[in-house]
Amino acid sequence: MSLKNNFEDLKKELPSHVTLAAVSKTHTAEKILELYELGQRIFAENKVQEILEKKDRLPSDIQWHMIGHLQSNKVKQIAPFVHTIQSVDSEKILQLISREAEKNERTIEVLLQVKIAEEDTKYGLEISETKELYLQYLQGAFPRVKVKGLMGMATLTEDENQIAREFQFLKRLFDQLSLSVPLEVLSMGMTSDYPIAIKEGANLVRIGSALFGNRN
Ligand SMILES: *Cc1c(COP(=O)(O)O)cnc(C)c1O
């Protein structure tokens, strides 16, 4: 299958309220450009170095999403241009993002990454931390970020019930937090589980392999 076919099939499958972030990590700028020319604008990467290497060779209206764990010392490298940081997993990193956004006289959109998987994942906020952080945000603690929503990754398992449960859990938190000030973006689902994620309320999916093929 070609990239074009994969893209067109996927677009047909996604309901109109669901936004596609094309996960381009490990894939070349040429492949990204091919997808760009078919109309895709949101591309997601998990390494700062890789975004930096690719972005200068690509159109400036690409919206770059950071989806990998972000080290403090790297925030300033992406702050001038990154559209959304989906992987906010600590208060410290949110503070830094706000500060670096201010230096660049802009606002950076972020999602809070919540730990929902049963498996022992390294990154992501606990529920209580997420609530606390959103409250601090609403009180004005991070003036140069806009918290748009939540991001989560389900356990890598064949058990679809478990995956559905984990996504339901994040959706409930999303709804709870939205009672104070509505959140807009619920980012869940990748190649292996996006149909479940959409069924459980995702409105942004992060898809790599189903578009570009397997990563080496
Ligand atoms: C790599 C990655 C994806 C996409 O994975 P695929 O299985 O290739 O669709 C989604 N989200 C995150 C956080 C990733 O690191």
Side-chain angles (χ1 to χ4, degrees), residues 1-3 5-14 18-29 31-32 34-35 40-54 62-71 74-75 78 82-90 93 97 109-125 130 148-160 162-164 166-167 169-171 174 185-216:
M1 284 295 269
S2 70
L3 184 52
N5 285 334
N6 292 346
F7 180 64
E8 283 170 358
D9 288 351
L10 186 58
K11 291 298 277 188
K12 256 180 259 163
E13 212 183 306
L14 297 180
V18 176
T19 302
L20 170 65
V23 178
S24 48
K25 63 189 185 198
T26 77
H27 298 290
T28 60
K31 288 278 178 200
I32 295 174
E34 195 180 329
L35 214 47
Q40 179 65 21
R41 289 296 176 271
I42 302 176
F43 291 89
E45 293 276 345
N46 66 343
K47 293 201 175 82
V48 166
Q49 194 53 39
E50 212 177 319
I51 304 190
L52 294 174
E53 280 163 18
K54 289 171 182 173
I62 284 182
Q63 297 177 9
W64 291 102
H65 282 215
M66 176 66 188
I67 57 172
H69 174 69
L70 191 51
Q71 287 171 287
K74 303 242 168 100
V75 175
I78 55 171
V82 72
H83 183 278
T84 299
I85 297 174
Q86 296 200 14
S87 43
V88 170
D89 56 7
S90 70
I93 208 78
I97 294 167
E109 298 189 356
V110 304
L111 306 182
L112 305 180
Q113 180 177 354
V114 185
K115 206 182 280 181
I116 57 169
E118 227 162 68
E119 66 193 356
D120 216 8
T121 41
K122 265 191 287 185
Y123 303 116
L125 298 155
T130 311
K148 299 279 283 185
L150 305 179
M151 186 269 258
M153 285 169 93
T155 304
L156 214 57
T157 170
E158 305 275 276
D159 184 350
E160 300 202 345
Q162 183 180 346
I163 295 170
E166 292 175 357
F167 286 150
F169 183 77
L170 190 59
K171 174 65 161 74
F174 179 87
V185 179
L186 183 55
S187 170
M188 45 187 206
M190 38 206 266
T191 295
S192 57
D193 57 18
Y194 72 87
I196 307 174
I198 291 169
K199 185 158 164 280
E200 301 304 341
N203 58 15
L204 191 150
V205 291
R206 310 175 307 273
I207 296 182
S209 323
L211 283 168
F212 295 101
N214 290 330
R215 287 178 296 275
N216 295 320

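Note that this is a predicted model, so its numbers are computed, not measured. Each ligand, and each atom within it, is numbered from 1 in the order the structure gives.
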Undergrad: In the structure I gave you, are the side-chain heavy atoms of Ser24 and Lys31 within less than 4.5 Å of one another anywhere?
TA: no
Undergrad: If you take all heavy atoms of Val82 and Trp64, which pair is closest and at what distance?
TA: CG2-O, 3.4 Å
Undergrad: Return the closest protein heavy atom for atom 5 (O) of ligand 1 as residue, atom name and distance.
TA: Met190 CE, 3.6 Å
Undergrad: I'd like to know if Arg215 contacts ligand 1, where contact means a heavy-atom distance under 4.0 Å to any ligand atom.
TA: yes
Undergrad: Any donor and acceptor pair, going by atom type alone, linking the side chain of Thr191 with main-chain N or O of Ala210 inside 3.5 Å?
TA: yes
Undergrad: If you draw a 6.0 Å radius around CD in Glu160, do more than 12 non-hydrogen atoms from other residues or ligands fall strictly inside?
TA: no
Undergrad: If only atom types and distance count, is the side chain of Ser87 paired as donor or acceptor with the main-chain N or O of Gly68 below 3.5 Å?
TA: yes
Undergrad: Starting from atom 2 (C) of ligand 1, locate the nearest protein heavy atom and write down its residue, its atom name and how far away it is, to 0.1 Å.
TA: Lys25 NZ, 2.6 Å
Undergrad: Heavy-atom contacts with Ser209 under 4.0 Å: which atoms of ligand 1 show up? List them by number with element.
TA: 6 (P), 7 (O), 8 (O), 9 (O)
Undergrad: Considering only heavy atoms of Ile207, which atoms of ligand 1 have at least one such atom less than 4.0 Å away?
TA: 9 (O)
Undergrad: Among all protein heavy atoms in this structure, tell me which lies nearest to atom 11 (N) of ligand 1, with the distance rounded to 0.1 Å.
TA: Arg206 NE, 2.9 Å
Undergrad: I need the contact type for Gln86 against ligand 1. Using non-hydrogen atoms and a strict under-4.0 Å cut-off, is it side chain, backbone, both or neither?
TA: neither
Undergrad: Can you check whether Val185's main-chain N or O pairs, donor with acceptor, with Asn203's side chain at less than 3.5 Å?
TA: no
Undergrad: Starting from atom 12 (C) of ligand 1, find the nearest protein heavy-atom neighbour and note its residue, name and distance.
TA: Ile67 CD1, 3.5 Å
Undergrad: Only heavy atoms of Gly208, strictly under 4.0 Å: list the atoms of ligand 1 that pass.
TA: 4 (C), 6 (P), 8 (O), 9 (O)
Undergrad: Tell me which protein heavy atom sits closest to atom 9 (O) of ligand 1, plus the residue, atom name and distance to 0.1 Å.
TA: Thr191 OG1, 2.5 Å
Undergrad: If I compare all heavy atoms of Ser90 with all of Ile93, which pair ends up nearest, and what's the gap?
TA: OG-N, 3.0 Å
